[in-house]
Amino acid sequence: MKTIYIPSGETVCYENLITGRIVVKGCLKVLGDIKAKSISGDGVIYAGSVSADDIRVDDLETASVTCRRLLAKRVQTPQLIASESAAVSCYLAASYVETGRLTVAASEICEAKADEIIYLTPKKRSLFRLLLASALHSLWTHLTVPAARGKPVDAVPAAEPQDAPAGESEETKDDELARLVAVFKLLRDSGYTLKILPGTPEENAPRFGAGCHGKAA
């Protein structure tokens, strides 16, 4: 499977881009369409349209997005269709969103069609913490309020706060950690076990020089 790699600090341009895997550390600009199996990296993508199975980037600005799973910090697109899930940690601007499970913080959405919508409190999160928070909110909802399935779900309240140890300020309290502990206790009492599996590091892909290129296939 051919890999296109955009190094950090470089901008690469295409008219259209069709390939197996795209890793964007810098900036990718495509006048027309992007079609790939997977798109990842902490870079920025501007394109006419994007189609992929899995998309995991920091910034995405395009006329339309079609994928199975989307994970990003910021997304601006008139149309977002993610058959399984879409999670945007910082800001999502879209006219129409269709997905199985939608997780957002700050957003401007005209119309959303989703089996489950989770609203998170806007705060700085890594993409991993976004996925974790989304999974915990969804799990908590399914275990505690089954009648709410298929309806928008606001951020699940954290466990009852306890007095902070001496020397610990209010700023050091982590609501998501409290939720994690509460979900862990709930799962343990129900006979479940939580397990964290390590991911596979991305392979070092061949480097591409900056500048504009023609159509890739």
Side-chain angles (χ1 to χ4, degrees), residues 1-99 102-112 114 122 124-131 134 199-217:
M1 182 170 62
K2 184 177 179 181
T3 298
I4 300 295
Y5 179 71
I6 314 298
S8 178
E10 295 190 14
T11 298
V12 177
C13 306
Y14 290 90
E15 291 183 0
N16 293 282
L17 180 57
I18 303 174
T19 188
R21 181 169 178 250
I22 303 174
V23 179
V24 182
K25 298 292 186 179
C27 178
L28 173 61
K29 296 182 178 181
V30 178
L31 183 62
D33 303 330
I34 296 179
K35 295 182 179 180
K37 187 72 175 178
S38 67
I39 303 173
S40 62
D42 53 4
V44 182
I45 296 177
Y46 302 96
S49 68
V50 178
S51 176
D53 285 346
D54 293 279
I55 302 174
R56 188 180 74 250
V57 295
D58 275 12
D59 292 87
L60 178 61
E61 185 172 336
T62 177
S64 67
V65 181
T66 304
C67 62
R68 291 176 58 191
R69 292 176 292 269
L70 170 68
L71 176 61
K73 290 184 177 180
R74 291 165 290 271
V75 176
Q76 295 188 53
T77 180
Q79 177 178 280
L80 167 59
I81 298 177
S83 59
E84 292 186 10
S85 63
V88 181
S89 63
C90 294
Y91 178 72
L92 169 62
S95 297
Y96 177 76
V97 177
E98 181 177 338
T99 185
L102 175 63
T103 303
V104 292
S107 63
E108 292 184 22
I109 303 173
C110 294
E111 180 182 357
K124 186 176 181 179
R125 294 182 179 89
S126 66
L127 294 184
F128 172 77
R129 284 177 65 93
L130 172 66
L131 281 181
S134 174
T200 302
E202 293 180 351
E203 299 175 356
N204 291 327
R207 296 171 63 89
F208 281 73
C212 295
H213 303 273
K215 180 178 179 180

* Can you measure from SG (Cys13) to CG (Leu31) and round to the nearest 0.5 angstrom? => 9.5 Å
* **Test item: Thr77 side-chain N/O and Thr62 main-chain N/O as donor-acceptor pair under 3.5 Å** => yes
* Asked: Would you say Asp42 and Lys25 make side-chain contact, with heavy atoms under 4.5 Å?
  -> yes
* Asked: Between OG of Ser89 and CG of Asp58, what distance do you get to the nearest 0.5 Å?
  -> 8.0 Å
* SG of Cys90 to CZ of Arg74: how many Å apart, nearest 0.5 Å? -> 5.0 Å
* Arg69: salt bridge (Lys or Arg N to Asp or Glu O under 4.0 Å) partners, not counting sequence neighbours -> Asp54, Glu84
* Structure fact -> Note: Ala82 and Ala86 closest approach over all heavy atoms is CB-CB, 4.1 Å
* Asked: Would you say the side-chain atoms of Thr103 pair up with the backbone N or O of Ala87, donor to acceptor, closer than 3.5 Å?
  -> no
* Candidate pair Ile4 and Leu28, rule side chain to side chain contact (heavy atoms under 4.5 Å, CB included), full reasoning -> CA-CA 10 Å; Ile4 300 295; Leu28 173 61; 5.8 Å; no
* Given Ile55, which of Val65, Leu71, Ile22 fulfils the side chain to side chain contact (heavy atoms under 4.5 Å, CB included) condition? -> Val65
* To do: Check whether any side-chain heavy atom of Leu80 sits under 4.5 Å from a side-chain heavy atom of Thr99, and report yes or no.
  => no
* Give, for atom CZ of Arg56 and atom CD1 of Ile39, the distance between the pair rounded to the nearest 0.5 Å. => 11.5 Å
* Structure fact -> For Ala63 and Gly48 the tightest heavy-atom approach is CB-O, 2.8 Å
* Asked: How about Ile109 and Leu102: do any of their side-chain heavy atoms sit closer than 4.5 Å?
  -> yes
* **Side-chain touch Val97/Val104, heavy atoms, less than 4.5 angstrom** => no
* Is a side-chain donor-acceptor pair under 3.5 Å present for Gln76 with Tyr91? -> no
* Structure fact -> Residues pairing under salt bridge (Lys or Arg N to Asp or Glu O under 4.0 Å) where one sits in residues 26-35, two or more places apart or in two chains, turn out to be none
* Mind checking the OG1-CD spacing from Thr66 to Glu98? Nearest 0.5 Å is all I need. => 10.0 Å
* From Asp59, Thr11, Ile45, residue fulfilling side chain to side chain contact (heavy atoms under 4.5 Å, CB included) relative to Cys27 -> Thr11
* Value rounded to 0.5 Å, distance of NZ in Lys2 from CD1 in Ile18 -> 11.0 Å
* Structure fact -> Test side chain to side chain contact (heavy atoms under 4.5 Å, CB included), reference Ile6, set Val12, Val44, Val23, output is Val12
